[in-house]
Amino acid sequence: MYRGFEETRGKESAESVVVIENLKKSFGNEVVLSNVSLKLFQGENLVVLGKSGSGKSVLIKCIVRLLAFDEGKINVLGYNIGELNNTDLGELRKKVGFLFQSGALYDSMTVRQNLEFPLLRIRKELNRKEVDDKILEALENVGLADALEKMPSQLSGGMRKRISLARTIVVDPSIMLYDEPTTGLDPVTSQEISVLINEVQKKYKTSSIIITHDIECARKTATRIVMLQDGAIYKEGSLTDFEKSDDALIKAFFMQSGT
Ligand SMILES: Nc1ncnc2c1ncn2[C@@H]1O[C@H](COP(=O)(O)OP(=O)(O)OP(=O)(O)O)[C@@H](O)[C@H]1O
Ligand SMILES: [Mg+2]
């Protein structure tokens with residue numbers, strides 16, 4: 001029986017904002033996640049590494065039930081994701097910012113409208129001035145206050161990523177899920193995005209999961225790293241643990257940046 005939003009809130013996760021236990025997810029015969037257990041602690045930047053197709057995007061989509069999972073348990077901010085009804089799931093999703101791999105902006109809307117859209121939907125209590133102030137603050141945080149009235153087509157790839165980030169943080173999420181935030185960007189812009197991720201974490205006290213292939217981004221942002229392989233967590237540790245590892249698979253990841 002469904003117990004409602006507050007009743008499904010467990011007390012077991014005082015300092016973990018996400019707890020994933022024995023998660024399984026298949027598409028037909030293809031087992032993508034066979035047994036993933038993982039915690040995201042309050043205030044940390046958890047970097048998830050793994051080769052293409054290892055299920056990184058699937059994993060974070062399961063966290064907000066953009067994809068239904070087959071078995072296991074996911075607890076987010078104390079709520080049992082598998083048990084929430086759609087209304088309560090909608091409420092929970094307001095607390096979780098999701099920066100999609102594609103970073104899709106609404107092409108027919110100005111930057112201002114792109115940010116206004118989630119804000120008016122999620123923060124209904126705000127008055128006009130508060131909405132305008134929050135939009136400007138989010139844009140200032142990504143260094144693009146002057147892009148307010150621009151259309152997405154007038155922006156470069158890096159600027160679009162920044163605006164996507166501004167659109168995600170404008171509603172003050174307590175958890176951020178970043179899917180490949182620096183993919184397709186030049187090294188300088190990638191570095192700026194990594195710096196922004198750290199600034200967002202400090203300023204908004206967010207806890208984040210950052211999926212990346214970009215080892216420099218991992219180096220800049222990671223409080224902790226996990227590597228996904230064959231549907232399960234292959235290794236968990238600090239940046240130093242990974243950099244010092246003799247494991248061939250891990251070495252292959254860290255060699256790509258030439259260090
Ligand atoms: N909606 C879906 N329907 C069917 N299969 C899917 C779906 N989404 C993902 N998959 C499959 O799940 C596997 C993992 O996909 P996922 O997108 O999570 O990989 P990834 O680790 O994020 O890879 P990349 O680094 O390339 O983004 C892939 O084999 C993919 O084809
Ligand atoms: Mg992916």
Side-chain angles (χ1 to χ4, degrees), residues 17-18 38 40-52 54 56-57 59-60 63 96-105 111 115 137-145 147 152 155-228 235-245 250-259:
V17 289
V18 177
L38 185 64
L40 174 68
F41 297 109
Q42 173 63 48
E44 76 170 338
N45 277 341
L46 176 66
V47 165
V48 178
L49 299 175
K51 64 183 184 195
S52 186
S54 61
K56 304 180 298 295
S57 295
L59 174 66
I60 58 167
I63 292 175
V96 184
F98 202 120
L99 192 73
F100 287 95
Q101 197 158 359
S102 57
L105 292 170
V111 165
L115 270 68
E137 185 194 339
L139 288 176
E140 276 166 0
N141 280 327
V142 299
L144 282 175
L155 305 173
S156 70
M159 289 162 95
R160 293 169 71 103
K161 278 266 190 212
R162 283 162 178 265
I163 299 297
S164 302
L165 182 55
R167 187 179 58 179
T168 313
I169 59 177
V170 76
V171 295
D172 298 330
S174 49
I175 297 174
M176 285 287 296
L177 305 174
Y178 296 94
D179 198 349
E180 303 281 0
T182 61
T183 297
L185 302 178
D186 64 85
V188 175
T189 311
S190 296
Q191 186 163 331
E192 287 169 3
I193 295 281
S194 304
V195 169
L196 276 178
I197 291 173
N198 287 337
E199 285 176 3
V200 166
Q201 182 210 18
K202 279 204 195 79
K203 185 160 182 187
Y204 296 92
K205 309 260 184 296
T206 47
S207 317
S208 307
I209 296 181
I210 303 156
I211 292 177
T212 188
H213 283 120
D214 175 357
I215 294 302
E216 289 310 320
C217 174
R219 284 202 172 100
K220 282 244 145 40
T221 59
T223 318
R224 193 160 63 93
I225 301 180
V226 294
M227 184 180 279
L228 205 56
K235 181 178 169 68
E236 182 268 334
S238 67
L239 177 64
T240 319
D241 293 337
F242 274 78
E243 287 183 325
K244 285 187 174 158
S245 172
I250 294 169
K251 271 177 151 0
F253 260 87
F254 282 81
M255 293 290 273
Q256 23 165 332
S257 60
T259 51

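Everything numeric here is computed off the predicted structure, so don't read it as measured data. Residue numbers start at 1 and run along the sequence shown.
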Taking every non-hydrogen atom, the tightest pair across Arg224 and Glu236: NH1-OE2, 2.9 Å

Between CD1 on residue Ile175 and CZ on residue Phe98, distance to nearest 0.5 Å: 12.0 Å

Test log, rule side-chain contact (heavy atoms from CB on, under 4.5 Å), inputs Leu196 and Glu192: CA-CA 6 Å; Leu196 276 178; Glu192 287 169 3; 5.8 Å; no

Derivation of the side-chain contact (heavy atoms from CB on, under 4.5 Å) call for Leu59 and Leu38: CA-CA 10 Å; Leu59 174 66; Leu38 185 64; 4.1 Å; yes

Ion pair check, Lys202 and Glu199, cut-off under 4.0 Å: no

Donor + acceptor pair across side chains of Asn198, Lys220 (<3.5 Å): no

Note, Asp214 side chain near Thr183 side chain (heavy atom, < 4.5 Å): no

Flag side-chain contact, heavy atom, 4.5 Å: Thr168 against Met176: yes

Side chain to side chain, Leu105 and Arg160, heavy atoms closer than 4.5 Å: yes

For the student: nearest non-hydrogen atoms of Asp179 and Ser57, plus distance: OD2-OG, 2.6 Å

Nearest heavy atoms of Ile250 and Ser245, plus distance in Å: CD1-OG, 3.7 Å

Check: Ser207 side chain, Gly43 main-chain N or O, donor-acceptor pair, under 3.5 Å: yes

Backbone of Asn45 reached by a side-chain donor or acceptor of Thr223 within 3.5 Å: yes

Nearest-0.5 Å distance, CD of residue Glu137 to CG of residue Leu139: 10.5 Å

Full working for side-chain contact (heavy atoms from CB on, under 4.5 Å) between Leu46 and Val226: CA-CA 7 Å; Leu46 176 66; Val226 294; 4.1 Å; yes

Heavy-atom side-chain contact between Thr189 and Asp186 under 4.5 Å: yes

For Ala145 against Glu140, the heavy-atom pair lying closest together: CB-CG, 3.8 Å

Rounded distance (nearest 0.5 Å) linking atom CG of Asp241 with atom OG of Ser238: 3.0 Å

Closest contact, heavy atoms only, Pro173 versus Gly97: CB-N, 3.4 Å

Test item: Leu99 and Pro181 side chains (from C-beta on) under 4.5 Å apart, heavy atoms: yes

Check: Ile163 and Pro152 side chains under 4.5 Å, non-hydrogen atoms: no

Student check: side-chain heavy atoms of Leu49 and Leu228 closer than 4.5 Å: no

Gap separating the CD atom of Glu44 from the CD1 atom of Ile210, nearest 0.5 angstrom: 9.5 Å

4.5 Å side-chain heavy-atom contact, Leu165 and Tyr178: yes

Minimum heavy-atom distance between Leu177 and Ile60, given as atom pair plus value: CD1-O, 3.9 Å

Evaluation steps, side-chain contact (heavy atoms from CB on, under 4.5 Å), between Phe254 and Arg219: CA-CA 10 Å; Phe254 282 81; Arg219 284 202 172 100; 4.0 Å; yes

Under 3.5 Å donor-acceptor, Glu216 side chain and Gln191 backbone: no

Result of checking Thr212, Leu185, Ile193 against Cys217 for side chain to side chain contact (heavy atoms under 4.5 Å, CB included): Thr212

Separation of Lys235 NZ from Phe242 CZ (nearest 0.5 Å): 5.5 Å

Rounded distance [0.5 Å steps], NZ in Lys244 versus NZ in Lys251: 12.5 Å

